[in-house]
Structures are given as C-alpha cells and as structure tokens.
Novice: 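Take this structure, written in structure tokens, and hold onto it; I'll ask about it next.
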Protein chains: 2
Amino acid sequence: MIDDVSLKILEILQEKARIPNVEVARQMDMAPSAVLERIRKLERQGIIDGYEVRLNPDQFNRRLIAFVTVNVCEQKAKQPLGPYFAALREIQEVHYVSGKDCYLLKVRVADNGDLYRFLQEKIILMAGVIHTQTTQVLHTFKETAKLPLTNSTVEQRN
Amino acid sequence: MIDDVSLKILEILQEKARIPNVEVARQMDMAPSAVLERIRKLERQGIIDGYEVRLNPDQFNRRLIAFVTVNVCEQKAKQPLGPYFAALREIQEVHYVSGKDCYLLKVRVADNGDLYRFLQEKIILMAGVIHTQTTQVLHTFKETAKLPLTNSTVEQRN
DNA sequence: ATTTATAATGAATAACATTCACATGTTCTG
DNA sequence: CAGAACATGTGAATGTTATTCATTATAAAT
C-alpha cells in the first residue's frame, strides 16, 4: 500500500515537516509536482494525519511529567471518565488499559505543587474515581511520536 | 518572555504546522514579514523545537501500544540502559521514574506476538534488567504532544 | 497488442517567502 | 524631558515555491 517512494517522503517529513515541497523534491530527485501529488494522496488516505509544531515544554512551565493510573468504577461516575480526562489541559494522553479498571494518564505540569493541586481538584474529586497512583518522571531519555518507517530484518509492513 | 502575539502564532501552528506563512499572517491580521520574523525568533530561542508530521500508526503496523515498567539493577548492566532503550525502534518514550529503580517505556508494536518477541528478545535478555511489567492499552482517548498555551484562570506562564 | 490505470515530467502562472528601507512605539538614561 | 537604543511593525520589490495541467512513460490486465 505504501511504496518506497512515499516512505522516503515520509522519512524526510518526519525529520522536519515544515520544509518547502521543492526541497523534498530535491532530496528525492523528483519533480516537485510529483512529490506534491504524493503528499496530497498520503493526506487524503489518512496516512498523514497532520503536521505539528514541537514546542519546548520548559518554556511553557511544563517541566514535570507524571504518569497517573486511575482506578475507577464507571457505574458510580456521573459522566464518562475517558472523555472527561481527555478534556483536561494538563493531560496529554489518556489510555484505558488492561488491569483493574484503570486509566493511564500522562500529565504535564509545572511542579510538584501544581501536580498536587491537579490531582486533588481535577481527578480525586471526580465521582467514580476510586484511587490513583502517581509516578513521577525524573528523567526523560526519549520522547517522540515518530514511527519507524524503514523495515528491519524481521518486520514487514502489511 | 512570550507575548500574546507569539502565543497566538504558536496556537495557529499547533493546530496545523505546515501552512504558508502568509496564511498565518492573515489569521493574525499582520504583515507576513512580521510573522516570519517572529517565527524565526521563536526557533532561535528554542521555544519552537521543530516541526513533525503526525502519521497514522494503524497504517504502519503499529496498532498496539503498551507501557512497560522495567526494574533494573544498573550495576549488573553492561551498558547504560536508558540510552539502550532509547535506541530501540519500537520504543517511543523512555522515562526514568520514581519508584523501585524503574524505567517506564512506551512501546508501539503490531500485535501481541510482536510485543512478546520484543520483550523477550530486546528487554528481558538485557543484563541488568530484573523484571518487567507490561500494561496493554485497550483504548486511547487522547494522545497529543500539544501544550496548553492559553492561560486558564489560576495558572500563569512564568 | 491494446486497453486501462497510475504516476512522472516540464512548462506556465499564481501564490508565497524573504529582504530591506522606513516608520512607530517603548524603554532607558543623562 | 530629550533623545539614543532597541524592538517590532509595514509595505514594496524580488526571488523562490506551489500548483495546475497537458503530455509522456510505465506497468498490469485482458
């Protein structure tokens, strides 16, 4: 479905998405119009979902990452909890995970005080939330949304 | 440090980063040259870290997300484990977290079989790895790298 | 061999990026 | 308070890029 030419285009864009189309074409050794058409097609097919700017969290007072597992009892909740969590500004990821009726939240806040207030005011008080367990990130070695595009020896793409 | 004008530019770019500069200028009601200069400055200051394309994981055989906590004993490791994990294709995030000498990995693979092989071959076999606990994601409600830029009532930016 | 579908090229033109001279406004300082 | 220093905006000019489209090439299907 995705051929090597498109794959190479995606690799280039994954490296730096806000470069001119002509530049992609140059790196590909192809006509700009051909590259443009392919990118459009990838967008239409939903292979490319969008383009994001990556901001430095330190500059926006979001130095601290925490992972919070939230045990819930949805029967006691007054509203669906997944969408509720998803709507919170401090939360970047909401996953419903295997285990004991559990959500896993990735949270970004300024500092410990902020984290405390966030949990108290926005999580623990919610009807249906039974208890939480918070894991603080001390150091991040890698944090990316990139997907591996080149196939390693064992893997195949479809 | 970051004024409202830049903030609005970042909001626009956070929504869709690969749009022409002129379009940003139109939405801002400013001259394109002024917008360009501001974006350049934000890049120079490291406030903008880069631009990424967001790919659809389903289309690349990465339907399954798992979070893996890895208990380690770095003394028994033959190499630093953080960088080792970070180098693995399947891993999107590597955090060293509070708790019992623990790494938290966010892993993206095709399916259960893939996850099993990944853990067996690339994690559990590593010297220094004591044991792991894997949590599978059943459903994802939200997954973004966006930072909240508008200030809510209580918060402030610096 | 011919049809059909898919995708590349290259030329033409519209749109955009980029630079720069100049204007405006703010802050700092003597 | 004047005016220097700085930051940031505008608008025009120019070079670059995006986009469209007619045409050609390639590959698979009948």
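Quick note on labels: first sequence line is chain A, next is B, and so on, each numbered from 1. For the numbers below, each heavy atom of this structure counts, side chains included, while hydrogens, waters and symmetry mates do not.
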Novice: Rounded to whole Å, how long is the line connecting atom CG of Leu36(A) with atom P of dA15(C)?
Specialist: 15 Å
Novice: Checking the side chain of Glu52(A) only, and the main-chain atoms of Arg54(B) only, is there a donor and an acceptor separated by less than 3.5 Å?
Specialist: no
Novice: Can you measure Asp4(A) atom CG to dA7(C) atom P for me and round it to whole angstrom units?
Specialist: 14 Å
Novice: Check the distance between dT17(D)'s P and Glu37(A)'s CD and give it to me in whole angstrom.
Specialist: 20 Å
Novice: Which nucleotide in the set dA8(C), dT18(C), dT19(D) lies at the smallest distance from any side-chain heavy atom of Ala34(A)?
Specialist: dA8(C)
Novice: For the aromatic rings, using the six-membered ring if either is Trp, is the centroid distance between Phe85(B) and Tyr103(B) under 6.0 Å?
Specialist: yes
Novice: Once hydrogens and angles are ignored, does a donor-acceptor distance under 3.5 Å link the base of dG11(D) to the side chain of Ser33(B)?
Specialist: yes
Novice: Using only side-chain N and O atoms of Lys41(A), determine if any of them is under 4.0 Å from OP1 or OP2 of dA7(C).
Specialist: yes
Novice: Side chain of Val22(B) only, heavy atoms from C-beta on: which candidate in dT20(D), dA17(C), dT8(D) is closest?
Specialist: dA17(C)
Novice: Taking atom CD of Glu15(A) as the centre, report whether more than 12 heavy atoms of other residues, nucleotides or ligands fall under 6.0 Å from it.
Specialist: no
Novice: The side chain of Pro20(A) is closest to which nucleotide in this list: dT17(D), dG10(C), dT19(C)?
Specialist: dT17(D)
Novice: For DNA chain C, whose closest nucleotide is more 5', that of Val35(A) or that of Asn21(B)?
Specialist: Val35(A)
Novice: For the pair made of CZ in Arg44(A) and P in dT6(C), what is the distance, rounded to whole Å?
Specialist: 11 Å
Novice: Check whether the side chains of Gln45(B) and Asn56(A) place a donor and an acceptor atom closer than 3.5 Å, and report yes or no.
Specialist: no
Novice: Please report, rounded to the nearest Å, how far the P atom of dG15(D) is from the CD atom of Glu23(A).
Specialist: 20 Å
Novice: Specify the residue among Met30(A) and Arg18(A) whose closest nucleotide of DNA chain C lies further upstream toward the 5′ end.
Specialist: Met30(A)
Novice: Measure from the side-chain heavy atoms of Arg38(A) and tell me the nearest of dT20(D), dT19(C), dA7(C).
Specialist: dA7(C)
Novice: Roughly, in whole Å, what's the span from CE in Met28(B) to C1' in dC16(C)?
Specialist: 18 Å
Novice: Can you tell me how far P of dT17(D) sits from CD of Gln27(A), to the nearest Å?
Specialist: 13 Å
Novice: Please name the residue in the list Leu88(B), Thr134(B), Ile124(B) that meets the side chain to side chain contact (heavy atoms under 4.5 Å, CB included) test with Phe118(B).
Specialist: Leu88(B)
Novice: What integer distance in Å separates Ile19(A):CD1 from dA17(C):P?
Specialist: 14 Å
Novice: Hey, is the side chain of Arg40(B) poking within less than 4.0 Å of OP1 or OP2 on dT19(C), counting only N and O atoms?
Specialist: yes
